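Keep in mind that this is a model prediction, so the values were computed, not measured. Residue numbers count from 1 along this sequence.
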Amino acid sequence: MAESADATALAADSDPAYREAVVDLLAAIAYGEISAFERLAEDAKLAPSLADKVDLATMASGELTKVHALSDRLRSLGADPFAAMAPFREPLDEFHRHTAPADWYEGLVKAYVGDGLANDFYREIAAYLDPETRDLVVSSMEEGTHAAFVVDRVRAAISADPRLGGRLALWGRRLMGEALTQAQRVAADRDALTALLAGGVDRPGLDLAALGRMFTRLTERHMARMGELGLDA
């Protein structure tokens, strides 16, 4: 196992284009975790009870914890983590400005559906990475125990007020559209990420048909999450 890890590390170091793509990808994920921390901490102010406030704050701290491992990996690749994150601040901040929740329940749906979609997207890309980086990306996408908390709160609220379900379903669809648009914009603006998806002589990539299947899988998982919340996709 150690020999394989060393081999992939050498391969990453010897392929500047691949290294640049990995740095971009890890930086995008790391800044996404930081912005998720900020958003969840802010949303905690909307919590209807102290217990809910603590649960959401716990979710926020979990997001921040993941940044440390991502930063360590960026440094091992010779990159300054904060400089690497800089290009992703504007597009990710813009996404969050466009999808600011109006209330506690919209915040919960965004945390579950919006973040879930981003995690699914990065898991898809992880299939084209070296084992060490792939394992790091996948571990950064772990949802922990907060998923059950969100599902429980949203389902209980819809049961108490069925009209809420219609509004949150529309909100979930909006999040899907905004998230896909933002992901495509980031990939298009970063040539290294586009090249990573396209592949190379020694690396597999996505042709148009495979890209279409990937977005179909993302849509299906989004619909499944909406269903878990008791919402129509």
Heavy-atom distance under 4.5 Å between the side chains of [X] and [Y], does that happen here?
{"X": "Pro81", "Y": "Leu70", "answer": "no"}
{"X": "Leu168", "Y": "Met226", "answer": "no"}
{"X": "Glu228", "Y": "Met223", "answer": "no"}
{"X": "Leu56", "Y": "Met59", "answer": "yes"}
{"X": "Asp93", "Y": "Tyr31", "answer": "yes"}
{"X": "Val154", "Y": "Tyr112", "answer": "no"}
{"X": "Arg153", "Y": "Asp55", "answer": "yes"}
{"X": "Leu231", "Y": "Trp171", "answer": "no"}

Applying side chain to side chain contact (heavy atoms under 4.5 Å, CB included) to Tyr128 and Arg134, what does each step give before you reach the verdict?
CA-CA 8 Å; Tyr128 302 93; Arg134 181 174 64 242; over 6 Å; no
Can you see which heavy atom on [X] is nearest to which on [Y], and at what distance?
{"X": "Ala157", "Y": "Leu164", "result": "CB-CD2, 3.6 Å"}
{"X": "Pro101", "Y": "Gly107", "result": "CB-N, 3.4 Å"}
{"X": "Pro48", "Y": "Asp52", "result": "CG-OD2, 3.2 Å"}
{"X": "Ala27", "Y": "Ala84", "result": "CB-O, 3.3 Å"}
{"X": "Pro91", "Y": "Pro87", "result": "CD-O, 3.5 Å"}
{"X": "Tyr122", "Y": "Leu25", "result": "CD2-CD1, 3.7 Å"}

Is the number of heavy atoms from other residues, nucleotides or ligands under 6.0 Å of Phe215 CZ greater than 12?
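Count over threshold, so yes.
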Is it the case that atom CZ in Arg97 sees more than 12 heavy atoms from other parts of the structure closer than 6.0 Å?
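More than 12 heavy atoms, drawn from other residues, nucleotides or ligands, come within 6.0 Å of this atom.
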In the single-linkage hydrophobic clustering (I, L, V, M, F, W, Y; side-chain heavy atoms under 4.5 Å), do Val138 and Leu26 co-cluster?
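In one cluster with Val138: Leu26, no.
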Hey, any chance Phe95 and Phe121 share a hydrophobic cluster, counting ILVMFWY side chains that come within less than 4.5 Å of each other, even indirectly?
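No, because Phe95 and Phe121 fall into different hydrophobic clusters, even though each may have its own neighbours under 4.5 Å.
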Under 3.5 Å, is there a donor-acceptor pair between the side chain of [X] and the main chain of [Y]?
{"X": "Arg155", "Y": "Leu229", "result": "no"}
{"X": "Ser76", "Y": "Arg73", "result": "yes"}
{"X": "Glu42", "Y": "Glu38", "result": "no"}
{"X": "Lys53", "Y": "Ala47", "result": "no"}

For a salt bridge (charged side-chain N to carboxylate O under 4.0 Å, His left out) check, start with the C-alpha distance between Arg89 and Glu94, then their side-chain angles and the critical distance, and finish with the verdict.
CA-CA 8 Å; Arg89 291 190 63 176; Glu94 183 69 12; over 6 Å; no
What distance do [X] atom [atom1] and [Y] atom [atom2] have between them, rounded to the nearest 0.5 Å?
{"X": "Leu92", "Y": "Met85", "atom1": "CG", "atom2": "CE", "answer": "11.5 Å"}
{"X": "Trp104", "Y": "Ser49", "atom1": "CH2", "atom2": "OG", "answer": "7.0 Å"}
{"X": "Asp72", "Y": "His68", "atom1": "CG", "atom2": "NE2", "answer": "9.0 Å"}
{"X": "Ser71", "Y": "Leu74", "atom1": "OG", "atom2": "CG", "answer": "6.0 Å"}
{"X": "Leu64", "Y": "Ile34", "atom1": "CG", "atom2": "CD1", "answer": "7.0 Å"}
{"X": "Glu106", "Y": "Asp43", "atom1": "CD", "atom2": "CG", "answer": "10.0 Å"}

Evaluate Arg173 against Asp232 for salt bridge (charged side-chain N to carboxylate O under 4.0 Å, His left out), listing each step before the verdict.
CA-CA 9 Å; Arg173 287 193 284 273; Asp232 295 328; over 6 Å; no
Quick one: do the Asp161 and Tyr105 side chains pair a donor with an acceptor below 3.5 Å?
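The criterion, which ignores hydrogens and geometry beyond distance, is not satisfied for Tyr105 and Asp161.
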Donor-acceptor pair between Thr133 and Asp130 side chains, under 3.5 angstrom
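There is such a pair between these side chains.
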Derivation and outcome, side chain to side chain contact (heavy atoms under 4.5 Å, CB included), residues Asp103 and Leu46
CA-CA 7 Å; Asp103 59 23; Leu46 302 172; 5.6 Å; no
With a 4.0 Å cut-off on N to O distance, would you call Arg225 and Asp120 a salt bridge?
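Yes, charged N to carboxylate O under 4.0 Å.
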Between Val137 and Arg123, does a side chain to side chain contact (heavy atoms under 4.5 Å, CB included) hold up when you go through it step by step?
CA-CA 7 Å; Val137 169; Arg123 284 192 191 97; 5.9 Å; no
Apply side chain to side chain contact (heavy atoms under 4.5 Å, CB included) to the pair Leu136 and Ser140, showing each step before the final yes or no.
CA-CA 6 Å; Leu136 174 59; Ser140 298; 4.2 Å; yes
Looking at Arg39, Lys110, Arg174, which hits side-chain hydrogen bond (donor to acceptor under 3.5 Å, both in side chains) with Thr99?
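Among Arg39, Lys110, Arg174, the one meeting side-chain hydrogen bond (donor to acceptor under 3.5 Å, both in side chains) with Thr99 is Lys110.
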